[in-house]
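What follows is one structure encoded as structure tokens, with my remarks underneath.
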Amino acid sequence: MSDQIQVIRGMHDILPVDMPVWNQLEDSYRALAESYGYQQIRTPIVEKTALFQRSIGEVTDIVEKEMYSFLDRNGDSLSLRPENTASVVRAGLEHGLLNDQQHRLWYCGPMFRHERPQKGRYRQFYQLGAETFGMAGADIEAELIFLAARFWNRLGLSNIELQINSLGTSECRNKFRGVLVAYFKDSYQSLDEDSQRRLESNPLRILDSKNPEMQTLINEAPRLIDNLDQRSSDHFSELRDILDYAGVSYELNPRLVRGLDYYSHTVFEWVTSTLGAQGTVCAGGRYDGLVEQLGGRPNTAAGFAMGCERIIAMLIDQNQANKVKSCDVYMLVRGEKTVRVAQKLAESLRNQMPRLSMLVHSGGGSFKSQMRKADRSGAKIALILGESEIEAATVSIKFLREDSEQIEIPQTDLNDRLAEMI
RNA sequence: GUGGGCGUAGCUCAGUUGGUUAGAGCGUCUGGUUGUGGCCCAGAAGGUCGUGGGUUCAAAUCCCAUCGUUCACCCCA
């Protein structure tokens, strides 16, 4: 064992037993996104490092210490994508999709961050997401929220709460940053070590601190939402009005701050208290400045990303996860010479019944152990094909889940009989 | 990057104050008279006790290191 090569730390194999719930999640999301008129987009897993430096922000933790970056054979610095928004914008610009056009897009795929793994946090993890372009109104933010809410509903999940906040324009965010720094500098001695550090790098994040000793100080801190300019404030009230009108409940969290630099105006998070420390299951907001920042003409944008592993953990906890499904039919083949006849028969059945799921088993062993396997496979019906059946051009049929007699029918009738049974 | 818990069979775990050839359940495979299953019974395969050092007459057990895992901080989906 010790000299075997193992998976990379923080990365995981998804085994056959795990696949049903993954398919459940992805199929359900695809159908939902398409029902809202969203179109799928796929971008490469590797991008130029500069793309993420320019979009996510040079001084964020993601870019500073979590990216899988490397030089390719040409000496270019490339990175495994830590998130998908930057790539979608890049692709949109590159193919001329963002010139005053409106788009609703969705995506699905793996992302990579070199963090210390823990529950709900992995080095390769999957996200489902949506990005919209060219729509400036709060109604598109509401639509993204409706879509996510419907997703939880379809998956049968509960205990997920919506939190919203507004960061305003980048101008009022910068102004607020000054106000906040001034406030915390007055109480510098009361700040914990992390917050003292963040005062320089990302003061807004101090508001996010979980340290209980900091809570009073944070609660009394100036609020971003009280420092919005008129336009930002109007935009945010519009969103709240829409949500109230639609009857979507939410919590206004003035301390909600996103870690990525490109957000502006609305930010939202769907959180759960049931997953431990990594309780954010979906997060997003508006990022109007990003298109221009990446070299395009100014264009508005909003989107979100959801963490698949976290949602799957909830599906399992709440007993909503799909289980492995077995084949309907187990064809049990006796004797070496019958294998080719059995396969030919199986192929002909598949021609006539495209939706038939059938496993053909021709292993050795006693009849009894083969029968046991057939039963444990979970199939409903066993088809038995041995030398006596071949000679008579028949097939024996047995229902596995109930007490019933075995019946022997001509091979030519098999198609019709199976159609009745399945 | 920091701190705590944990590494014994494919899985879940026993293993008593260090003491002979390392255990169970589940799973897998094979049988229980040649072609009949789910239950039951019997048997088998499968582990250099994560790895490397050290202490000792003797280490799965004690010590150190290392790797992995897990939870939290941090960060974020």
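Proteins come first, then strands; the chains are lettered A, B, ... in the order of their sequence lines, and each starts at number 1.
When the P atom is compared between B/G15 and B/C73, the two are found 32 Å apart, to the nearest whole Å. For the P atoms, the distance linking B/G10 with B/U51 amounts to 13 Å, nearest Å. Taking atom P in both B/C39 and B/U70, the straight-line distance is 33 Å, to the nearest Å. A gap of 28 Å separates the P atoms of B/A45 and B/G7, to the nearest Å. Rounded to a whole angstrom, the distance from the P atom of B/G53 to that of B/G46 is 26 Å. Atom name P, nucleotides B/A9 and B/G52: the rounded distance is 16 Å, in whole Å. The gap from the P atom of B/G25 to that of B/U69 amounts to 31 Å, rounded to the nearest Å. Comparing the same atom, C1', in B/U8 and in B/G23 gives a spacing of 10 Å after rounding to whole Å.
Comparing B/G38, B/A77, B/C74 by their closest approach to the side chain of A/Asp375 singles out B/G38.
If you check every strand for non-hydrogen atoms under 4.0 Å, A/Ala374 touches nothing. Within the 4.0 angstrom heavy-atom criterion, only backbone atoms of the sugar-phosphate kind lie near A/Lys373; the bases stay farther away. Note on A/Gly10: only backbone sugar-phosphate atoms sit closer than 4.0 angstrom, heavy atoms only; bases stay farther off. Residue-level contact check: A/Tyr122 touches the bases, meaning some heavy atom is under 4.0 Å from a base atom. Within 4.0 Å of A/Glu66, counting heavy atoms only, lie sugar-phosphate atoms of the nucleic acid but no base atom. Base engagement by A/Gly120 is indicated by at least one non-hydrogen atom pair under 4.0 Å involving a base atom.
Sequence order on RNA chain B of the closest nucleotides to A/Asp61 and A/Pro117 puts A/Pro117 first from the 5' end. Comparing A/His12 and A/Asp192, the nucleotide of RNA chain B nearest to each residue sits closer to the 5' end for A/His12.
In RNA chain B, runs of at least 3 stacked Watson-Crick or G-U pairs (N1-N3 plus N6-O4 or O6-N4, or N1-O2 plus O6-N3, all under 3.5 Å) give these stems: B:1-7 with B:67-73, B:10-13 with B:23-26, B:28-32 with B:40-44, B:50-54 with B:62-66.
Side-chain atoms of A/Thr216 and A/Asn219 form no donor-acceptor pair, as typed in the model, at a separation below 3.5 Å. A/Tyr38 and A/Gln40 share no side-chain donor-acceptor pair at under 3.5 Å.
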Side-chain polar contacts of residues 102-114 of chain A - donor-acceptor pairs under 3.5 angstrom, sequence neighbours left out - could you list them?
| from | atom 1 | to | atom 2 | distance (Å) |
| --- | --- | --- | --- | --- |
| A/Gln102 | NE2 | A/Gly134 | O | 3.2 |
| A/His103 | NE2 | A/Leu97 | O | 2.9 |
| A/His103 | NE2 | A/Gln101 | OE1 | 3.3 |
| A/Arg104 | NE | A/Glu143 | OE2 | 2.8 |
| A/Arg104 | NH2 | A/Glu143 | OE1 | 3.3 |
| A/Arg113 | NE | A/Pro82 | O | 2.9 |
| A/Arg113 | NH2 | A/Pro82 | O | 2.9 |
| A/His114 | NE2 | A/Arg123 | NH1 | 3.4 |
| A/His114 | NE2 | A/Arg123 | NH2 | 3.4 |

Under 3.5 Å, which donor-acceptor pairs link side chains of residues 335-343 of chain A to any protein atom two or more places apart or in another chain?
| from | atom 1 | to | atom 2 | distance (Å) |
| --- | --- | --- | --- | --- |
| A/Thr338 | OG1 | A/Arg334 | O | 2.4 |
| A/Thr338 | OG1 | A/Gly335 | O | 2.5 |

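Listed by first and then second residue, the salt bridge (Lys or Arg N to Asp or Glu O under 4.0 Å) pairs involving residues 355-378 of chain A amount to none (not counting sequence neighbours). Annotation: salt bridge (Lys or Arg N to Asp or Glu O under 4.0 Å) contacts involving residues 312-328 of chain A, sequence neighbours excluded, comprise A/Asp328-A/Lys380. For residues 301-350 of chain A, every residue pair satisfying the ring-ring contact (aromatic ring centres under 6.0 Å, His included) rule, not counting sequence neighbours, is listed here: A/Tyr330-A/His361. The stretch residues 160-216 of chain A participates, sequence neighbours left out, in no ring-ring contact (aromatic ring centres under 6.0 Å, His included) pair at all.
In this entry the distance linking CD of A/Gln278 with P of B/C75 reads 11 Å, nearest Å. One can place CG of A/Asp208 at 10 Å from C1' of B/C76, the figure rounded to the nearest angstrom. Atoms CG (A/Leu332) and C1' (B/G38) sit 15 Å apart, rounded to a whole Å. Atom CD in A/Gln6 sits about 13 Å away from atom P in B/C67, given to the nearest Å. A/Arg81 has its CZ atom 14 Å from the P atom of B/A77, to the nearest Å. Per the geometry, OH belonging to A/Tyr126 stands 18 Å off C1' belonging to B/C76, to the nearest Å. With rounding to whole Å, A/Leu275 atom CG is found 16 Å from B/U70 atom C1'. Atoms CG (A/Leu162) and P (B/A77) sit 16 Å apart, rounded to a whole Å.
Note on A/Asp27 versus A/Arg30: no salt bridge recorded, every NZ/NE/NH1/NH2 to OD/OE distance being 4.0 Å or above. Between A/Glu347 and A/Arg350, at least one side-chain N (NZ, or NE/NH1/NH2) sits under 4.0 Å from a carboxylate O, which counts as a salt bridge. Salt-bridge formation is detected for the pair A/Arg90/A/Glu94: a Lys NZ or Arg NE/NH1/NH2 atom is positioned less than 4.0 Å from an Asp or Glu carboxylate oxygen.
Dashed line: the shortest gap from a side-chain N or O of A/Arg113 to OP1 or OP2 of B/C75 is not under 4.0 Å. OP1 or OP2 of B/C76 has not a single side-chain nitrogen or oxygen of A/Thr280 nearer than 4.0 Å. For B/C75, the OP1/OP2 oxygens have a side-chain nitrogen or oxygen of A/Arg198 closer than 4.0 Å. Contact check, A/Gln118 against B/A72: a side-chain N or O comes under 4.0 Å of OP1 or OP2.
At a cut-off of 3.5 angstrom, counting only N and O atoms as typed in the model, there is a donor on one side and an acceptor on the other between the side-chain of A/Arg372 and the base of B/G32.
Residues that satisfy the salt bridge (charged side-chain N to carboxylate O under 4.0 Å, His left out) test with A/Arg121, not counting sequence neighbours, are A/Glu115. Every residue two or more places apart in sequence or in another chain that forms a salt bridge (charged side-chain N to carboxylate O under 4.0 Å, His left out) with A/Glu141 is listed here: A/Arg286. In terms of the side-chain hydrogen bond (donor to acceptor under 3.5 Å, both in side chains) criterion, residue partners of A/Asp244 (sequence neighbours excluded) are, by chain and number, A/Tyr250.
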Under 3.5 Å, which protein N or O atoms sit close to an N or O of nucleotides 33-35 of chain B? Give each pair with its distance.
| from | atom 1 | to | atom 2 | distance (Å) |
| --- | --- | --- | --- | --- |
| B/G35 | O6 | A/Ser388 | OG | 3.0 |
| B/G35 | O6 | A/Glu389 | OE1 | 3.1 |
| B/G35 | N1 | A/Glu389 | OE1 | 3.0 |
| B/G35 | N1 | A/Glu389 | OE2 | 3.0 |
| B/G35 | N2 | A/Glu389 | OE2 | 2.9 |
| B/G35 | N2 | A/Gln406 | NE2 | 3.4 |

For nucleotides 1-8 of chain B, read 5' to 3', which letter fits each nucleotide if B means a protein heavy atom sits under 4.0 Å from the base, S means only the sugar-phosphate is that close, and - means neither? BBB-----
